[in-house]
Asker: 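Pasting a structure below so you can have a look.
Just the heavy atoms: all of them, side chains too, but no hydrogens, waters or symmetry mates, feed the values below.
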Amino acid sequence: MTSLIISPNAENIAVIENVLKENVSGHIVTANSGNEARRIISGDTQPDLVIIDTPLTDEFGQELAVTLSDVTNVILICRNDIAEDIAPSLPSEIIVVQKPFTREDFRISVENFSETHGLKRESADILTKIEEMRLINRAKRTLIEYLKFTEPQAHRYIEKQAMNNRQTRREVAERILNTYKK
């Protein structure tokens, strides 16, 4: 996992880096401005988490946070009075941390990110498995319809084909559907 810290303040970068090292594994990249962050992201670095400590040297950082929230997870750090004003207008995926913040406040925000990120990944895995099960069931119904298999026979056929051909059950199901559903 890669994290990108965008902050003009070296002390805040050090605190954020330490919290990330304790709570999130992976590589940490830093930038001092919005433009530098954009150059990093447009290159080979695709961060899983971006932390923006506002204001940046070349912009405030709110627009950057909104733009990046479409493709990655964002934590936006800003002064209390500003946070209260802009938080309602931000997408709900952006976590807002108010300054001054304690190490503990920031650690909790990072833990929230980690939990949410884990749930998103788990949810995507479940959806993939459900789609695979639907595909396999459609292939079974096709075998039942065209070859007059029973459901257990169709199931066994798919399992055996996957094993014999060193393919996944999904690949076998797709082949069956492509063969009979022209």
Asker: Are the side chain of Ser7 and the backbone N or O of Asn9 linked by a donor-acceptor pair below 3.5 Å?
Answerer: yes
Asker: I'd like to check Pro91 versus Asp70 (side-chain heavy atoms, cut-off strictly below 4.5 Å). Are they in contact?
Answerer: no
Asker: For residues Phe60 and Thr54, report the shortest heavy-atom separation together with the two atoms involved.
Answerer: O-CG2, 3.1 Å
Asker: Mind checking whether Tyr180 and Phe149 sit in one hydrophobic cluster, side chains of I, L, V, M, F, W, Y counted as touching below 4.5 Å?
Answerer: yes
Asker: Rounded to the nearest 0.5 Å, how far does CG of Asn137 lie from CD of Glu132?
Answerer: 10.5 Å
Asker: Do Val66 and Val97 sit in the same hydrophobic cluster, where Ile, Leu, Val, Met, Phe, Trp and Tyr count as joined when their side-chain heavy atoms come under 4.5 Å apart?
Answerer: no
Asker: Roughly how far, to the nearest 0.5 Å, is the CG atom of Leu135 from the CD1 atom of Ile176?
Answerer: 9.5 Å
Asker: So do Ile136 and Val172 actually touch side chain to side chain, heavy atoms under 4.5 Å?
Answerer: no
Asker: Can you tell me if Thr72 uses its side chain to pair, donor with acceptor, with the backbone of Pro47 under 3.5 Å?
Answerer: yes
Asker: If you round to the nearest 0.5 Å, how far is CD of Glu59 from CD1 of Ile52?
Answerer: 8.0 Å
Asker: Between Arg175 and Glu171 (salt bridge meaning N to carboxylate O under 4.0 Å), is one present in this structure?
Answerer: no
Asker: Would you say Gln153 and Thr150 are linked by a side-chain donor-acceptor pair, where the criterion is simply a distance under 3.5 Å?
Answerer: yes
Asker: Nearest heavy-atom pair of Pro100 and Asn80: which atoms, and what distance?
Answerer: CD-ND2, 4.2 Å
Asker: Any chance you could measure Glu174, atom CD, to Thr179, atom OG1, to the nearest 0.5 Å?
Answerer: 11.5 Å
Asker: Closest approach of Pro8 and Pro55, non-hydrogen atoms and distance?
Answerer: CG-O, 3.4 Å
Asker: Same cluster or not: are Leu68 and Ile86 linked, directly or through other Ile, Leu, Val, Met, Phe, Trp or Tyr residues, by side-chain heavy atoms under 4.5 angstrom apart?
Answerer: yes
Asker: Can you tell if the side chain of Ile77 reaches within under 4.5 Å of the side chain of Ile51, non-hydrogen atoms only?
Answerer: yes
Asker: Take Leu20 and Leu49 through the test side chain to side chain contact (heavy atoms under 4.5 Å, CB included) and record every step on the way to the result.
Answerer: CA-CA 10 Å; Leu20 287 176; Leu49 173 62; 3.9 Å; yes
Asker: Evaluate the criterion side chain to side chain contact (heavy atoms under 4.5 Å, CB included) for residue pair Val29 and His27; output intermediate values, then yes/no.
Answerer: CA-CA 7 Å; Val29 179; His27 183 63; 3.4 Å; yes
Asker: In sequence, state the C-alpha distance, the side-chain angles, and the governing distance for Leu64 and Arg38, and then conclude on side chain to side chain contact (heavy atoms under 4.5 Å, CB included).
Answerer: CA-CA 9 Å; Leu64 178 62; Arg38 285 181 180 88; 3.7 Å; yes
Asker: Could you state the interatomic distance from NE2 (His155) to CD (Glu151), rounded to the nearest 0.5 Å?
Answerer: 7.5 Å
Asker: Do side-chain atoms of Asp58 reach the backbone of Gly34 as a donor and acceptor pair under 3.5 angstrom?
Answerer: yes
Asker: Check whether any side-chain heavy atom of Val74 lies under 4.5 Å from a side-chain heavy atom of Glu93, and answer yes or no.
Answerer: no
Asker: Would the distance check show the side chain of Asn73 and the main-chain N or O of Asp48 forming a donor-acceptor pair, the cut-off being under 3.5 Å?
Answerer: yes
Asker: Under 4.5 Å between side-chain heavy atoms, counting indirect links through other Ile/Leu/Val/Met/Phe/Trp/Tyr residues: same cluster for Ile40 and Ile6 or not?
Answerer: yes
Asker: Is there side-chain contact between Asp53 and Leu76, with at least one heavy-atom pair below 4.5 Å?
Answerer: no
Asker: Is a donor on one side and an acceptor on the other found under 3.5 Å between the side chain of Thr67 and the backbone of Glu63?
Answerer: yes
Asker: Do Ile75 and Val50 share a hydrophobic cluster, counting only Ile, Leu, Val, Met, Phe, Trp and Tyr and linking them when any side-chain heavy atoms are less than 4.5 Å apart?
Answerer: no
Asker: Distance check, rounded to the nearest 0.5 Å: Gln98 atom CD versus Cys78 atom SG?
Answerer: 7.5 Å
Asker: Tell me, yes or no, whether the heavy-atom count around Asn164 atom CG, taken from other residues, nucleotides or ligands under 6.0 Å, exceeds 12.
Answerer: yes
Asker: Using side chain to side chain contact (heavy atoms under 4.5 Å, CB included), reason through Thr30 and Glu17 one step at a time and then give a plain yes or no.
Answerer: CA-CA 9 Å; Thr30 62; Glu17 276 184 323; 3.7 Å; yes
